[in-house]
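Everything quoted here is computed from the prediction, not taken from an experiment. Whatever order the structure lists ligands and atoms in, that order sets their numbers, starting from 1.
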Amino acid sequence: MAPPVVLNPRPGELILDLAAAPGSKTTQMSEMMEWRGTIVANDVSPSRINALSSNIQRMGCMNVVINRADGRRIHRIYGEIFDRVLLDAPCSSIGQVRRSWEALKRWNQNLVERISVLQRDLAIAAYKALKPGGLMVYSTCTFDPEENELVVQSLVNRGAEVVKFDIPGLKTREGLVEWEGVKLDDSLAYTRRIYPHLNDTEGFYIALLRKVPI
Ligand SMILES: C[S@@+](CC[C@H](N)C(=O)[O-])C[C@H]1O[C@@H](n2cnc3c(N)ncnc32)[C@H](O)[C@@H]1O
């Protein structure tokens with residue numbers, strides 16, 4: 001999957017996967033790290049943590065610690081210690097419609113507005129948990145700018161730097177730099193939108209950010 005490829009966790013590092021269950025990206029990152037270093041795999045949902053736990057055991061991921069906490073508090077628990085953070089955020093999931101019609105039935109503007117508040121709070125907590133100079137990926141499987149570029153803009157407003165990246169072999173589109181008459185930071189163009197028709201996949205949004213040392 002693309003978000004771990006963009007985050008690129010290295011052997012020996014300390015990684016936070018803030019919304020980790022059921023663990024598809026945790027297990028991918030564990031292998032990328034050659035099972036060295038540590039991943040703190042956090043989620044708030046006990047039932048989804050069961051799936052996370054069994055996937056981690058099934059895949060033999062010896063460098064993963066499971067944590068159950070509301071991700072909005074994570075920086076208060078750990079402080080600013082992580083080399084890299086993945087926030088694969090809960091979202092309205094409109095990018096999954098070609099796989100599940102249910103996503104479209106569930107989608108409405110109220111859901112987007114409600115979930116974007118949670119996403120922004122999770123993103124701020126994830127950013128705070130990074131070491132100065134550390135890298136963070138924010139990703140969703142949806143297209144609503146309120147859940148994507150506007151969340152990233154809230155981090156830019158706190159001093160985050162948006163980092164340019166490419167995903168070899170994948171066609172992508174630039175992130176939006178304007179929405180409903182509101183101008184966003186030009187660097188939001190470095191974030192990537194992956195539309196289903198581009199690569200015959202589900203839809204995704206990915207941003208790579210650096211915590212600028214103060
Ligand atoms: C898109 S899913 C994550 C998928 C996962 N990264 C994977 O690749 O398997 C979003 C997750 O966010 C979790 N979540 C929702 N609210 C949360 C919160 N306040 N703190 C931590 N996790 C939360 C949900 O339980 C869900 O498992």
Distance under 4.0 Å, heavy atoms only, partner ligand 1: which residues pass? Leu18, Ala19, Ala20, Ala21, Pro22, Gly23, Ser24, Lys25, Asn42, Asp43, Val44, Ser45, Arg48, Ala69, Asp70, Gly71, Asp88, Ala89, Pro90, Leu118, Leu122
Heavy-atom distance under 4.5 Å between the side chains of Arg84 and Asn8, does that happen here? yes
Indicate whether any N or O donor in one side chain lies under 3.5 Å from an N or O acceptor in the other, for Thr201 and Asn199. no
Tell me yes or no: between the side chains of Thr142 and Ser92, is some donor less than 3.5 Å from an acceptor? yes
Answer yes when Glu174 and Arg192 have at least one side-chain N-carboxylate O distance shorter than 4.0 Å, and no when they do not. no
Taking the six-membered ring of Phe82 as reference, does the cationic atom of Lys131 (NZ for Lys, CZ for Arg) lie under 6.0 Å from its centre and within 45° of its axis? no
Which one of Thr191, Ile194, Ile206 satisfies the side-chain contact (heavy atoms from CB on, under 4.5 Å) criterion with Thr172? Ile194
